[in-house]
Amino acid sequence: MGFTYYLDNKLLDLVFSNTSYTVPSTLYIGLSTTAPTQAGGNFKEPSGNGYARVAVTNNSTNWPAASNGAKSNANAITFPQATGSWGTVTHFGIFDAATSGNLLAWGALSQSKAISAMDTPYFAAGSLTLNLS
């Protein structure tokens, strides 16, 4: 899992320059069929067939306290049921907007998954982990 330069810079400025950063009140989880870059590019989301990013309220209920430099989702994150093929998803991303916006963090799925009609992709509680170390 990696943070994008966008988030790296915001966090460094916050901690070491006391420059304010407005933390998003909602995070949006997306899926990609390509490997993203740390610059925030090359994140190719499925298009159509019921695909949409999943909104997750950014609070300690959904994202409990970090431990040993890591934080995981406390609840399942469930995507809409696919109405057709989404292709083979290989990565996830966390954004600050439902569409467009800034990619904050991303990571590879432990196993690529071809999403077909009637599939309902999800991350089980505790399975989406963010690491700083």
Worked verdict on Phe3 versus Leu132 for side chain to side chain contact (heavy atoms under 4.5 Å, CB included): CA-CA 9 Å; Phe3 287 176; Leu132 282 179; 3.2 Å; yes
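- Put simply, the side chain of Leu128 reaches to within 4.5 Å of the side chain of Ile77, judged on heavy atoms.
- Here the side chains of Thr33 and Val89 are in contact, with some heavy-atom distance below 4.5 Å.
- Remark: side-chain polar atoms of Ser60 are not paired, donor with acceptor, to backbone N or O of Pro64 under 3.5 angstrom.
- Following chains of ILVMFWY side-chain contacts shorter than 4.5 Å, one cannot reach Phe95 starting from Ile29, and the two form parts of different hydrophobic clusters.
- Asn58 pairs by the side chain to side chain donor-acceptor pair (under 3.5 Å) definition with nothing, not counting sequence neighbours.
- Atom CD1 of Ile115 and atom OH of Tyr51 lie 10.5 Å apart (nearest 0.5 Å).
- Evaluation of the ring pair (Phe, Tyr, Trp, His ring centres under 6.0 Å) rule for Trp106 yields no partner, not counting sequence neighbours.
- Checking side-chain atoms of Thr83 against main-chain N and O of Asn49 turns up a donor-acceptor pair under 3.5 Å.
- Counting heavy atoms from C-beta outward, Asn73 and Trp63 have side chains that approach closer than 4.5 Å.
- For Thr57 and Thr26, the side-chain atoms include no donor-acceptor pair closer than 3.5 Å.
- Arg53 places a side-chain N or O within donor-acceptor distance of the main-chain N or O of Ala97, the cut-off being under 3.5 Å.
- Under the rule for a side-chain contact (heavy atoms from CB on, under 4.5 Å), Leu14 has no partner lying at least two apart in sequence or in another chain.
- Looking only at side-chain heavy atoms (C-beta outward), Tyr28 and Leu104 stay at 4.5 Å or farther from each other.
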Ring pair (Phe, Tyr, Trp, His ring centres under 6.0 Å) assessment of Phe92 paired with Phe123: CA-CA 10 Å; Phe92 72 90; Phe123 291 100; 5.8 Å; yes
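- Using modelled atom types, no side-chain atom of Asp13 and backbone atom of Thr19 make a donor-acceptor pair closer than 3.5 Å.
- The backbone N or O of Ser72 sits nowhere less than 3.5 Å from a side-chain atom of Thr129 that would complete a donor-acceptor pair.
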